Amino acid sequence: MQYWLMKTEPETFSWEDLKNCPDRREHWDGIRNYLARNHMRQMAKGDLVFIYHSVVKPPAIAGIARVVRTAYPDHTQFDPSAKYYDPKSAPDNPRWDMVDVQAFKELDRPIPITELKEIPGLENMALFRMSRLSVQPVTAEEWKIITGLRKVKAL
DNA sequence: GCCAACGTTGGC
DNA sequence: GCCAACGTTGGC
(Lines give C-alpha, C1' and ligand atoms only; values in the text may rest on other atoms or scores of the structure.)
Protein backbone atom coordinates (compact mmCIF):
# COMPACT_ATOMS: atom_id res chain seq x y z
CA MET A 1 0.00 0.00 0.00
CA GLN A 2 1.33 3.40 -1.02
CA TYR A 3 0.04 6.87 -0.22
CA TRP A 4 -0.11 9.96 -2.40
CA LEU A 5 -1.30 13.53 -2.59
CA MET A 6 -2.77 15.03 -5.75
CA LYS A 7 -3.47 18.72 -6.24
CA THR A 8 -6.40 20.21 -8.04
CA GLU A 9 -7.82 23.68 -8.41
CA PRO A 10 -11.37 23.24 -7.19
CA GLU A 11 -12.69 25.78 -9.67
CA THR A 12 -11.62 23.32 -12.34
CA PHE A 13 -12.29 20.03 -10.59
CA SER A 14 -13.03 19.67 -6.90
CA TRP A 15 -13.45 16.94 -4.33
CA GLU A 16 -17.20 17.57 -4.54
CA ASP A 17 -17.04 17.12 -8.31
CA LEU A 18 -15.33 13.76 -7.83
CA LYS A 19 -18.03 12.64 -5.39
CA ASN A 20 -20.67 13.64 -7.93
CA CYS A 21 -19.17 11.56 -10.73
CA PRO A 22 -20.87 8.27 -11.66
CA ASP A 23 -19.69 5.67 -9.14
CA ARG A 24 -17.72 8.58 -7.58
CA ARG A 25 -14.84 7.88 -9.96
CA GLU A 26 -13.07 9.86 -12.68
CA HIS A 27 -9.85 9.88 -14.66
CA TRP A 28 -7.18 12.31 -13.49
CA ASP A 29 -6.07 13.98 -16.71
CA GLY A 30 -3.95 17.02 -17.41
CA ILE A 31 -0.72 16.06 -15.61
CA ARG A 32 2.10 17.54 -17.69
CA ASN A 33 5.07 17.25 -15.42
CA TYR A 34 7.46 14.32 -15.69
CA LEU A 35 8.02 13.75 -12.00
CA ALA A 36 4.29 13.90 -11.33
CA ARG A 37 3.70 11.50 -14.20
CA ASN A 38 6.31 9.11 -12.89
CA HIS A 39 4.58 9.09 -9.54
CA MET A 40 1.30 8.22 -11.23
CA ARG A 41 3.04 5.36 -13.03
CA GLN A 42 4.08 3.97 -9.66
CA MET A 43 0.53 3.94 -8.35
CA ALA A 44 -1.13 0.61 -7.68
CA LYS A 45 -4.79 -0.25 -7.47
CA GLY A 46 -5.99 0.44 -3.93
CA ASP A 47 -3.37 3.11 -3.15
CA LEU A 48 -4.88 5.96 -1.16
CA VAL A 49 -4.72 9.59 -2.23
CA PHE A 50 -5.28 12.89 -0.49
CA ILE A 51 -7.20 15.22 -2.77
CA TYR A 52 -5.72 18.67 -2.18
CA HIS A 53 -7.34 21.94 -3.19
CA SER A 54 -4.76 24.50 -4.34
CA VAL A 55 -5.02 28.19 -5.20
CA VAL A 56 -8.05 28.64 -2.94
CA LYS A 57 -8.19 30.16 0.52
CA PRO A 58 -7.23 28.26 2.42
CA PRO A 59 -5.44 25.57 0.41
CA ALA A 60 -6.42 22.30 2.07
CA ILE A 61 -6.72 18.54 1.91
CA ALA A 62 -10.38 18.06 1.00
CA GLY A 63 -10.88 14.31 0.95
CA ILE A 64 -9.48 10.83 0.47
CA ALA A 65 -9.64 8.93 -2.80
CA ARG A 66 -8.28 5.60 -3.92
CA VAL A 67 -6.67 4.47 -7.13
CA VAL A 68 -9.07 2.28 -9.11
CA ARG A 69 -7.13 2.09 -12.39
CA THR A 70 -3.38 2.28 -12.88
CA ALA A 71 -1.64 4.56 -15.36
CA TYR A 72 -2.79 4.63 -18.98
CA PRO A 73 -2.42 7.23 -21.73
CA ASP A 74 -4.10 10.59 -21.13
CA HIS A 75 -6.25 11.09 -24.24
CA THR A 76 -6.31 14.88 -23.84
CA GLN A 77 -2.66 15.10 -24.97
CA PHE A 78 -3.82 14.26 -28.52
CA ASP A 79 -6.79 16.64 -28.59
CA PRO A 80 -5.84 19.96 -30.24
CA SER A 81 -8.80 21.64 -28.60
CA ALA A 82 -7.80 20.50 -25.10
CA LYS A 83 -6.06 22.81 -22.69
CA TYR A 84 -3.25 20.34 -22.15
CA TYR A 85 -2.80 19.31 -25.79
CA ASP A 86 0.78 18.27 -26.44
CA PRO A 87 1.64 18.36 -30.16
CA LYS A 88 4.96 16.67 -29.45
CA SER A 89 3.42 13.55 -28.01
CA ALA A 90 3.14 10.72 -30.54
CA PRO A 91 0.09 8.43 -30.37
CA ASP A 92 2.30 5.36 -30.74
CA ASN A 93 4.45 6.55 -27.85
CA PRO A 94 2.28 8.62 -25.51
CA ARG A 95 4.15 10.98 -23.26
CA TRP A 96 1.49 11.58 -20.62
CA ASP A 97 -0.52 9.20 -18.48
CA MET A 98 -3.44 9.42 -16.11
CA VAL A 99 -4.98 7.18 -13.47
CA ASP A 100 -8.58 6.71 -12.37
CA VAL A 101 -9.48 7.59 -8.80
CA GLN A 102 -12.62 7.12 -6.75
CA ALA A 103 -13.82 9.19 -3.80
CA PHE A 104 -13.28 6.86 -0.87
CA LYS A 105 -13.42 8.56 2.53
CA GLU A 106 -14.86 11.81 3.77
CA LEU A 107 -13.18 14.14 6.28
CA ASP A 108 -15.45 15.94 8.72
CA ARG A 109 -13.77 19.14 7.53
CA PRO A 110 -10.85 20.05 5.27
CA ILE A 111 -7.30 20.19 6.63
CA PRO A 112 -5.70 23.52 5.68
CA ILE A 113 -2.02 23.71 4.82
CA THR A 114 -1.50 26.14 7.70
CA GLU A 115 -2.56 23.42 10.13
CA LEU A 116 -0.39 20.79 8.45
CA LYS A 117 2.63 23.07 8.78
CA GLU A 118 2.28 23.12 12.54
CA ILE A 119 2.10 19.37 13.07
CA PRO A 120 5.31 17.69 14.29
CA GLY A 121 6.34 14.91 11.94
CA LEU A 122 5.10 16.60 8.79
CA GLU A 123 8.05 18.96 8.33
CA ASN A 124 9.45 17.00 5.42
CA MET A 125 6.27 16.69 3.41
CA ALA A 126 6.77 17.14 -0.32
CA LEU A 127 3.90 19.61 -0.14
CA PHE A 128 6.21 22.10 1.58
CA ARG A 129 9.51 21.14 -0.02
CA MET A 130 8.42 20.81 -3.65
CA SER A 131 5.68 23.34 -3.84
CA ARG A 132 4.92 22.90 -7.54
CA LEU A 133 4.68 19.12 -7.66
CA SER A 134 1.08 18.16 -8.40
CA VAL A 135 1.36 14.42 -7.73
CA GLN A 136 3.54 13.52 -4.80
CA PRO A 137 4.18 10.63 -2.41
CA VAL A 138 3.09 10.70 1.21
CA THR A 139 4.87 8.46 3.70
CA ALA A 140 2.95 5.96 5.82
CA GLU A 141 3.90 7.96 8.91
CA GLU A 142 2.63 11.21 7.39
CA TRP A 143 -0.57 9.51 6.28
CA LYS A 144 -1.22 8.21 9.77
CA ILE A 145 -0.60 11.58 11.39
CA ILE A 146 -2.80 13.46 8.91
CA THR A 147 -5.76 11.07 8.95
CA GLY A 148 -5.57 11.19 12.75
CA LEU A 149 -6.40 14.90 12.65
CA ARG A 150 -10.00 14.37 11.57
CA LYS A 151 -12.93 12.06 11.83
CA VAL A 152 -12.80 9.91 8.71
CA LYS A 153 -16.04 8.51 7.39
CA ALA A 154 -16.63 5.91 4.70
CA LEU A 155 -18.50 7.04 1.60
C1' DG B 1 25.61 21.12 -23.15
C1' DC B 2 25.07 25.64 -21.12
C1' DC B 3 22.34 29.13 -19.59
C1' DA B 4 19.32 33.21 -20.14
C1' DA B 5 14.66 34.14 -20.91
C1' DC B 6 10.28 32.96 -20.16
C1' DG B 7 6.05 30.74 -18.42
C1' DT B 8 3.57 28.45 -14.73
C1' DT B 9 2.50 27.12 -10.09
C1' DG B 10 0.85 28.27 -5.91
C1' DG B 11 1.35 30.29 -1.14
C1' DC B 12 0.93 34.54 0.96
C1' DG C 1 -1.14 41.29 -6.91
C1' DC C 2 3.42 39.82 -5.70
C1' DC C 3 7.06 36.95 -6.04
C1' DA C 4 9.81 32.66 -5.15
C1' DA C 5 10.54 28.28 -7.04
C1' DC C 6 11.35 25.79 -10.79
C1' DG C 7 10.39 23.49 -15.29
C1' DT C 8 10.84 24.38 -20.30
C1' DT C 9 12.53 26.50 -24.44
C1' DG C 10 15.75 27.90 -27.65
C1' DG C 11 20.01 30.37 -29.13
C1' DC C 12 24.68 29.63 -29.18
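Values in this document were obtained by computation on a predicted structure and should not be read as measured data. Throughout, protein chains are lettered first and strands after them, A, B, ... in sequence-line order, and every chain is numbered starting at 1.
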Engineer: Between the protein and nucleotides 4-7 of chain C, which nitrogen or oxygen pairs come in under 3.5 angstrom?
Structural biologist:
unit_1 : atom_1 : unit_2   : atom_2 : d
C:dA5  : N3     : A:Arg132 : NH1    : 3.4
C:dC6  : O4'    : A:Arg132 : NH1    : 3.3
C:dC6  : O2     : A:Arg132 : NH1    : 2.0

Engineer: Between A:Asp79 and A:Thr76, do the side chains contain a donor N or O and an acceptor N or O under 3.5 Å apart?
Structural biologist: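 No.
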Engineer: So that I can tick it off, tell me whether A:Asp74 and A:Arg37 are bridged by a salt bridge, with the cut-off set at under 4.0 angstrom between side-chain N and carboxylate O.
Structural biologist: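 No, no charged N to carboxylate O under 4.0 Å.
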Engineer: Side chains of A:Gln77 and A:Ser89 only: does a donor on one sit below 3.5 Å from an acceptor on the other?
Structural biologist: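 Side-chain D/A pair, A:Gln77 to A:Ser89: present.
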Engineer: Measure CZ/A:Arg95 against C1'/C:dT8 and give the value in whole Å, please.
Structural biologist: 11 Å
Engineer: Would you compute the distance between atom CD1 of A:Ile51 and atom CE of A:Met6 and round it to the nearest 0.5 angstrom?
Structural biologist: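 Reported value, rounded in 0.5 Å steps: 4.5 Å.
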Engineer: Between A:Ile61 (CD1) and B:dG11 (P), how many Å, whole number?
Structural biologist: 12 Å
Engineer: Are A:Trp96 and A:Tyr34 an aromatic pair, judged by ring center distance below 6.0 Å?
Structural biologist: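 Centroid separation for A:Tyr34 and A:Trp96: below 6.0 Å.
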Engineer: Using a cut-off of strictly less than 4.0 Å, decide whether A:Lys7 has a side-chain nitrogen or oxygen near OP1 or OP2 of B:dG10.
Structural biologist: yes
Engineer: For C:dT9, take OP1 and OP2 only and decide whether either is under 4.0 Å from a side-chain N or O of A:Lys88.
Structural biologist: yes
Engineer: Does any residue of residues 113-121 of chain A have a heavy atom under 4.0 Å from DNA chain B, and if so, which ones, in number order?
Structural biologist: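 Of all residues in residues 113-121 of chain A, the ones placing a heavy atom under 4.0 Å from DNA chain B are A:Ile113, A:Lys117.
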Engineer: Parallel under 30°, tilted from 30 to 60°, perpendicular over 60°: which one fits the rings of A:Tyr3 and A:Trp143?
Structural biologist: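 If you compare the ring of A:Tyr3 with that of A:Trp143, the planes turn out parallel.
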Engineer: Bend angle of the helix from B:dG1-C:dC12 to B:dC12-C:dG1 from five-pair axes at both ends, rounded to 10°?
Structural biologist: 10°
Engineer: Within this structure, what is the NE2-to-P distance between A:His53 and B:dC12, rounded to whole angstrom?
Structural biologist: 17 Å
Engineer: Please round to the nearest 0.5 Å and tell me the distance separating atom CD1 of A:Ile119 and atom CD of A:Glu142.
Structural biologist: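 Atom-to-atom, A:Ile119:CD1 and A:Glu142:CD are 12.5 Å apart.
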Engineer: Please determine if a side-chain N or O atom of A:Tyr52 lies less than 4.0 Å away from the OP1 or OP2 oxygen of B:dG11.
Structural biologist: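 For A:Tyr52, the contact criterion (side-chain N or O under 4.0 Å from OP1 or OP2 of B:dG11) is met.
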Engineer: Take atom CE of A:Met125 and atom P of B:dG11, then tell me their distance rounded to the nearest Å.
Structural biologist: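 About 12 Å, once rounded to whole Å.
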Engineer: Should the pair A:Glu106-A:Lys151 be classified as a salt bridge under the 4.0 Å nitrogen-to-oxygen rule?
Structural biologist: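 Here A:Glu106 does not pair with A:Lys151 in a salt bridge, since their nearest N and O are not under 4.0 Å apart.
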Engineer: One thing to verify: whether A:Glu26 and A:Arg69 come together as a salt bridge, which I'm taking to mean a side-chain N less than 4.0 angstrom from a carboxylate O.
Structural biologist: no
Engineer: Is the shortest distance from a Lys or Arg side-chain nitrogen in A:Arg32 or A:Asp86 to a carboxylate oxygen in the other one below 4.0 Å?
Structural biologist: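 Salt bridge absent between A:Arg32 and A:Asp86.
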Engineer: What is the separation between atom CD on A:Glu11 and atom P on B:dT9, rounded to the nearest whole Å?
Structural biologist: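 Rounded to the whole Å, the gap is 14 Å.
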Engineer: Within the 4.0 Å heavy-atom criterion, would you say A:Phe128 contacts the bases, only the backbone, or no part of the nucleic acid?
Structural biologist: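 A:Phe128: no heavy atom of the nucleic acid under 4.0 Å.
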Engineer: To the nearest 0.5 Å, what is the distance between CG on A:Asp97 and CG on A:Asp29?
Structural biologist: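 Answer rounded to 0.5 Å: 12.0 Å.
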